[in-house]
*Asks:* 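Below you will find the structure I want to go over with you.
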Amino acid sequence: MSENKGSVENIESGSRNFIQQIIDADIAAGVNGGLVHTRFPPEPNGYLHIGHAKAICISFGLANEFGGLTNLRFDDTNPVKEDVEYVDAIREDIKWLGFEPNGGEFFTSDYFDQLYTFALKLIDDGKAYVDDSTAAEIALQKGTPTQPGVANKYRDRTPSENRELFEGMKEGKFEAGSRVLRAKIDLANPNMHLRDPLMYRIMFETHHRTGDKWCIYPMYDFAHGQSDSIEHITHSLCSLEFEVHRPLYDWYIENLEIFPSRQTEFARLNLNYTVMSKRKLLFLVEDKSVDGWDDPRMPTLSGLRRRGYTPASIREFIDRVGVAKRENIIDVGLLEWALRDDLNRVAPRVMAVLNPIKLVITNYPEGKTELLPSVNNPEDPESGSRELPFGRELWMEADDFKLEANRKWFRLAPGKTVRLKSAYIVEYVDHICNSEGEVTEVHVKYFENSKSGSDTSGIKAKGTLHWVESSNAIDAEVRLYDRLFADPNPDGHKDRPFTDFLNPDSLEILTNCKLEPSLAQAEPGTTYQFTRLGYFAPDSRYSKPGTPVFNRTVTLRDSWKG
RNA sequence: UGCCCCAUGGUGUAAUGGUAACACACCUGGUUUUGGUCCAGACAUUUCAGGUUCGAGUCCUGGUGGGGCAACCA
């Protein structure tokens with residue numbers, strides 16, 4: 001379970017975000033007896049993304065902070081868009097993030113009978129009517145933001161007439177789309193949502209939970225607030241786009257005379273170099289631009305999980321981002337910072353060579369091997385150490401050798417001396433090139449008395465290299481990811497679609513990587529640090545015991561300005 | 001050209017009428033058997049114009065800029 005108790009900033013400085021202040025005031029005033037009950041209401045029509053993580057952390061986190069409860073409610077009022085596949089994925093993502101719906105799990109469709117009764121009450125009170133107009137006519141009659149709407153003849157129908165027609169709608173007597181139920185509010189209201197909003201439409205569609213029981217389905221506005229009310233949600237937290245819906249949310253609650261849930265809106269999360277809309281993410285999936293909803297480049301929670309992100313790092317990121325009403329675009333670098341911050345503490349260090357060339361220790365005895373201890377995590381003394389096989393022939397990183405180097409080059413080059421991590425200090429002797437002039441082999445000599453942990457050589461090596469002993473190395477595929485989009489705001493271009501800005505180099509597959517033997521059985525769920533390179537996690541789809549496939553989660557910070 | 005919301009360093013978020021701060025990014029230096037981590041330091045902020053007040057980032061008025069609203073979507 002999450003240990004989130006508000007943000008780190010809050011704990012350190014005592015500052016409160018505006019929602020916490022609202023709740024503080026409510027509690028002080030004794031509203032709802034001081035109870036805090038929130039809800040997270042996803043529509044099961046797509047996978048959860050990092051933006052939803054903000055909503056989840058806020059609603060679950062706040063309830064947790066105030067000793068309250070949080071409901072998970074699937075907002076399933078539109079059967080043509082929704083699917084159980086998404087219900088299952090959403091459940092899994094929330095659990096993975098570290099939250100438990102301790103108030104219960106519900107579906108808006110659980111309330112279809114109750115909502116129907118609510119509608120009858122408004123009809124009987126003369127506050128709702130059946131409209132036979134077409135969608136186009138209704139749109140026209142609603143007017144525009146600068147022009148008031150006009151009433152049609154159906155608006156004057158009597159409650160009994162409306163009741164009969166609405167019951168007829170429910171019984172399937174009318175064609176899909178032929179009639180709607182509307183609230184009778186104010187066709188001239190400057191808020192378009194109050195211009196006699198639609199409550200019910202006729203749809204002969206099979207619902208993933210209620211099957212064919214219903215052929216009328218409530219609209220969002222006629223379902224959401226009432227569902228909150230039915231569940232006695234005290235604080236209904238949502239994103240800014242619903243701000244103009246709030247007067248309608250309140251109107252239904254007042255006129256139905258039901259539990260007064262209150263809605264508060266905050267700015268949704270935006271990240272640069274990606275898109276954050278289910279519609280656009282779905283497009284990328286269907287377009288095969290990515291390898292499914294959980295492609296490691298996707299901002300979905302399942303994608304981040306497959307990439308190797310930890311739930312703790314995402315929670316930390318959300319805490320750092322804060323809560324306010326201002327539109328924002330967060331630098332993805334902050335997400336990566338939170339990730340490194342967590343992984344640095346918990347990720348086991350291992351040796352892996354991504355672009356291998358041979359490293360031969362000319363004065364090391366042929367056929368000899370020894371086992372050298374190496375710490376698993378210098379940040380965590382309790383993680384202990386493991387033994388690495390060492391021998392005469394090793395793999396080293398091609399990038400760690402350069403023919404011409406200056407004083408600032410700490411790695412191998414003619415005349416240079418380096419430390420092999422957890423092993424010996426070695427000095428350049430020679431190198432071999434292939435026909436294309438590429439270095440394929442580097443020869444060095446080692447200093448026997450420079451062994452890690454018992455170094456009496458007195459030699460100072462500026463650089464330390466990672467390596468893998470050849471005969472024990474295992475082969476692996478490693479996938480290097482870059483940002484999915486090459487533009488910081490792919491959505492922000494008026495005349496060009498966001499797909500124009502897909503980064504063609506967002507995936508690079510390396511097939512000749514050499515890993516230390518302990519990684520042969522690595523399983524998805526653990527993210528490792530490949531020493532000096534970055535953090536890597538076994539791919540949940542392609543990695544198999546014996547033939548590992550690793551995703552690069554994120555590189556190590558690199559302050560070297562070569 | 002109607003209504004609603006918003007405006008604080010590069011990016012975010014605080015300051016609740018009383019010295020504008022914190023994090024990330026960037027830049028310097030130190031430590032280091034990861035050019036990682038860690039430590040120290042530097043740079044950098046209230047959209048504009050009026051008004052109220054002893055005192056305004058904060059309150060009021062107006063302007064400017066950004067976002068949202070006219071789906072039988074949520």
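First the proteins, then the strands, lettered A, B, ... as listed; each starts at 1. For clarity, every value in this text was computed on a predicted model and none was experimentally measured.
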*Asks:* Looking at every strand, decide which applies to Lys278(A) at a 4.0 Å heavy-atom threshold: base, sugar-phosphate, or nothing.
*Replies:* nothing
*Asks:* Which stems does RNA chain B form, counting runs of 3 or more consecutive Watson-Crick or G-U wobble pairs with both distances under 3.5 Å?
*Replies:* B:2-7 with B:64-69, B:10-13 with B:21-24, B:27-30 with B:38-41, B:47-51 with B:59-63
*Asks:* Taking atom C1' of U34(B) as reference, at what distance in whole Å does atom CG of Leu420(A) sit?
*Replies:* 13 Å
*Asks:* Whether Arg411(A) and Glu397(A) form a salt bridge (side-chain N of Lys/Arg under 4.0 Å from carboxylate O of Asp/Glu) is what I want to check.
*Replies:* no
*Asks:* Does Thr144(A) have a side-chain nitrogen or oxygen under 4.0 Å from the phosphate oxygens OP1 or OP2 of G2(B)?
*Replies:* no
*Asks:* Of the nucleotides A74(B), G35(B), A70(B), which one has an atom closest to the side chain of Lys142(A)?
*Replies:* A70(B)
*Asks:* Name the nucleic acid region contacted by Ala324(A), choosing base, sugar-phosphate or nothing; use a 4.0 angstrom heavy-atom cut-off, strictly under.
*Replies:* sugar-phosphate
*Asks:* Indicate, with a heavy-atom threshold strictly under 4.0 Å, whether Arg349(A) touches base, sugar-phosphate, or nothing.
*Replies:* base
*Asks:* If I take atom CG in residue Leu165(A) and atom P in nucleotide C72(B), what distance separates them, rounded to the nearest angstrom?
*Replies:* 20 Å
*Asks:* If you pin Asp341(A) and Asn328(A) to their nearest nucleotides in RNA chain B, which one's is more 5'?
*Replies:* Asn328(A)
*Asks:* Looking across every strand, which nucleic acid part, if any, lies under 4.0 Å from Val180(A) by heavy atom: base, sugar-phosphate, or nothing?
*Replies:* base
*Asks:* A74(B) phosphate, OP1 or OP2: any side-chain N/O from Arg201(A) under 4.0 angstrom?
*Replies:* yes
*Asks:* Mind checking Arg557(A) for me? I need base, sugar-phosphate or nothing, with any heavy atom below 4.0 Å counting as a touch.
*Replies:* sugar-phosphate
*Asks:* Give the rounded distance in Å between these two atoms: CD1 of Ile138(A) and P of A70(B).
*Replies:* 15 Å
*Asks:* Tyr200(A) near the nucleic acid: base, sugar-phosphate alone, or nothing, with a heavy-atom cut-off under 4.0 Å?
*Replies:* nothing
*Asks:* Suppose we call a contact any N or O donor and acceptor under 3.5 Å apart; does that hold for the side chain of Glu379(A) and the base of G36(B)?
*Replies:* yes
*Asks:* For the base of U33(B), is there a side-chain donor-acceptor partner from Ser452(A) under 3.5 Å away?
*Replies:* yes
*Asks:* Checking contacts here: which listed nucleotide (C73(B), A15(B), U33(B)) is nearest the side-chain heavy atoms of Arg419(A)?
*Replies:* U33(B)
*Asks:* Given atom CD1 of Ile185(A) and atom P of C69(B), what is their separation to the nearest angstrom?
*Replies:* 19 Å
*Asks:* Checking all strands, does Glu265(A) fall into the base, sugar-phosphate, or nothing category for heavy-atom contacts under 4.0 angstrom?
*Replies:* nothing
*Asks:* Is Thr77(A) touching bases, backbone alone, or none of the nucleic acid, heavy atoms closer than 4.0 Å?
*Replies:* sugar-phosphate
*Asks:* Asn272(A) CG to A25(B) P: how many Å, rounded?
*Replies:* 14 Å
*Asks:* Whether Ser559(A) contacts G36(B) is assessed here as follows: a side-chain N or O lying under 4.0 Å from the phosphate OP1 or OP2. Is that the case?
*Replies:* yes
*Asks:* Taking the side chain of Leu556(A) as its heavy atoms from C-beta onward, which of C5(B), C69(B), U34(B) lies nearest to it?
*Replies:* U34(B)
*Asks:* May I ask you to verify whether the side chain of Arg320(A) and the base of G12(B) hold a donor-acceptor pair under 3.5 Å?
*Replies:* no
*Asks:* With salt bridge (Lys or Arg N to Asp or Glu O under 4.0 Å) as the test, pick out the partner of Asp228(A) among Arg262(A), Arg246(A), Arg73(A).
*Replies:* Arg73(A)
*Asks:* For A15(B), does either OP1 or OP2 sit under 4.0 Å from a side-chain N or O belonging to Arg16(A)?
*Replies:* no
*Asks:* Could you tell me whether Ile425(A) contacts a base, only the sugar-phosphate backbone, or nothing, with contacts defined as non-hydrogen atoms closer than 4.0 Å?
*Replies:* nothing
*Asks:* Tell me: NZ of Lys462(A) to P of U34(B), nearest whole Å?
*Replies:* 13 Å
*Asks:* At under 4.0 Å between heavy atoms, what does Ser133(A) touch on the DNA or RNA strands: base, sugar-phosphate, or nothing?
*Replies:* base
*Asks:* Using whole Å, report how far CZ of Phe18(A) lies from C1' of U58(B).
*Replies:* 17 Å
*Asks:* Does a salt bridge link Arg157(A) with Asp132(A), judged by any charged N lying under 4.0 Å from a carboxylate O?
*Replies:* yes
*Asks:* Closer than 4.0 Å, any side-chain N/O of Gln20(A) to the OP1 or OP2 of U13(B)?
*Replies:* no
*Asks:* Tell me: CH2 of Trp337(A) to C1' of U13(B), nearest whole Å?
*Replies:* 14 Å
*Asks:* Check every strand shown and say whether Asn191(A) touches a base, only sugar-phosphate, or nothing at a heavy-atom separation below 4.0 Å.
*Replies:* nothing
